[in-house]
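Values in this document were obtained by computation on a predicted structure and should not be read as measured data. Quick note: numbers below take in every heavy atom, side chains included, and nothing from hydrogens, waters or symmetry partners.
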Amino acid sequence: MSMTSSRTLSLGEKLEIAAQTGLLLARSTHVEAIAQRATDAGLQLTGADFGGFICNQSAPHPGSFPLYSVSGSGEGRTSTFPAGRVLSAPLNDRAIIRSRDISRDTRFRGPLPGDGLPHETRTIRSYLAVPLRNLAGHILGALVFGHEDADVFDETAELLIGTLGSQVAVALENSRSREQVARQLTELDRVQVQMNVDSKRLGELAAIVEGSDDAIISKDLNGVITSWNKAAQRILGYTADEIIGKSVLTLIPEHLHDDEPMILSKIRSGERIEHFDTVRRAKSGDLLDVSLTISPVRDASGKIVGASKILRDVSARRRMENSLIQAEKIAATGRMAATIAHEINNPLEAVLNLLYLLRDHVHTSEARTYLSTAE
């Protein structure tokens, strides 16, 4: 589905789209939704005819970049970014690529099979691509946009797409992390039901829990903490000896205590709570933005006896999202100031020229004084 508009958007509207898209991407859980939102937003931010989202499903290991979504592509244009191809030279440079006209750009001359460009039909001229890199620097995929006319994409479009690319990379990492957590939860639920599982399997599960980067905590139906892994100690500051046996309310800020009865009520009814964004208090007193996934724990007979909670600290992600938005607002203010200065200077220069020419036609000292004052 295309979200392109028939009118040109102002910079303020584009900044609003970038900010809103970042918030939507932060809440997206599926790669398909991330892909479509990114390509749709990219069309609005750049004014492109069409664009594609190409995702490295095997990241961070080298592999192919299958096409996930296309926006703005009409009949005959889907071949512009053909599925199943591999992005080669340009995106492997790990830098944003902006070409005024690929038909004249030496980077795209000669046969470059498998780079995702329309060498057979030459249906595009303006080209803009941004690689999607995670915090470790691995390429997760790319956002690619094109236009049939030359000189369509400017520096502002490049900056906006760079910001969008950072937001998409964060969303992809979060999506994959959620999938990993979901797999761990599925395994944990299965093992909890099968109490007769052999000791080797239990040992493997314990290793997963202890080796997890996320806090994994269990509690009984009264909200008393019964288990605590190493990641929980690292994130929240309490050792297992300090916290096991205490109420989970120790970790919850006072203004959020009313959430716990609601959570326990859903657990007792067998419901699972996924990606619950809230705040928890560490031992130091610091408040942390966290995402919770909570599942009922059953005994051998199937009776619900407690809850297993996976807690992820998302404070760094929130800070990065806020920093991206703030940085773009600052950059936009600078560009606006430069534009205003330019628009004022041009007419003032014309006024000065006219005053200078008028000097030869003024013959009184009083009039010359007025001209000097005007200058």
Side-chain angles (χ1 to χ4, degrees), residues 2-5 8-11 13-15 17-18 21-22 25 35 37-56 65 67-73 77 80-82 85-110 112 114-119 121-134 137 139-169 172 324 327-328 330-332 334-336 338-339:
S2 173
M3 297 173 60
T4 55
S5 174
T8 301
L9 300 178
S10 68
L11 179 59
E13 290 174 317
K14 291 180 179 180
L15 292 177
I17 290 171
T21 301
L25 290 174
R37 281 173 176 158
T39 50
D40 289 346
L43 290 189
Q44 293 181 295
L45 296 176
T46 63
D49 271 344
F50 43 90
F53 182 103
I54 307 163
C55 183
N56 184 358
F65 293 74
L67 181 70
Y68 252 67
S69 70
V70 174
S71 291
S73 57
R77 287 186 182 168
T80 301
F81 301 109
R85 292 198 173 187
V86 178
L87 293 173
S88 62
L91 289 184
N92 287 335
D93 289 340
R94 300 172 178 269
I96 296 177
I97 299 173
R98 176 163 60 96
S99 178
R100 301 172 60 186
D101 188 348
I102 64 171
S103 67
R104 301 176 179 272
D105 194 328
T106 58
R107 291 175 295 180
F108 305 107
R109 288 180 180 172
L112 292 175
D115 64 1
L117 292 173
H119 293 287
T121 59
R122 299 287 184 181
T123 57
I124 70 170
R125 295 180 68 186
S126 293
Y127 178 77
L128 180 61
V130 55
L132 308 175
R133 297 189 300 272
N134 62 13
I139 298 294
L140 305 177
L143 286 171
V144 184
F145 298 93
H147 198 285
E148 293 178 343
D149 297 330
D151 294 322
V152 171
F153 306 131
D154 56 14
E155 292 181 358
T156 299
E158 181 178 335
L159 179 61
L160 290 171
I161 288 303
T163 300
L164 178 63
S166 299
Q167 295 170 338
V168 172
L172 286 175
L324 286 171
E328 182 52 36
I330 293 172
R335 289 192 295 270
M336 184 180 297
T339 301

How far apart are the closest heavy atoms of [X] and [Y], and which atoms are they?
X	Y	value
Ala169	Arg133	CB-O, 3.2 Å
Gly47	His147	O-CD2, 3.3 Å
Ala48	Phe145	CB-CB, 3.8 Å
Gly162	Val130	CA-CG2, 4.3 Å

To the closest 0.5 Å, what do you measure between [atom1] ([X]) and [atom2] ([Y])?
X	Y	atom1	atom2	answer
Leu132	Gln167	CG	CD	11.5 Å
Ile102	Ile97	CD1	CD1	11.5 Å
Leu9	Leu45	CG	CG	8.0 Å
Thr39	Phe50	OG1	CZ	13.0 Å
Lys14	Gln44	NZ	CD	10.0 Å

Sub-4.5 Å side-chain heavy-atom contact between [X] and [Y]:
X	Y	result
Tyr127	Val144	yes
Leu160	Thr46	no
Phe53	Val168	yes

Can any side-chain N or O of Asp49 pair as donor or acceptor with the backbone N or O of Glu148 at less than 3.5 Å? yes

Is there a donor-acceptor contact under 3.5 Å from the side chain of Arg98 to the main chain of Glu158? no

Show, in sequence, the C-alpha distance, side-chain angles and deciding distance for Thr21 and Leu164, and conclude whether the side-chain contact (heavy atoms from CB on, under 4.5 Å) test is met. CA-CA 8 Å; Thr21 301; Leu164 178 63; 3.8 Å; yes

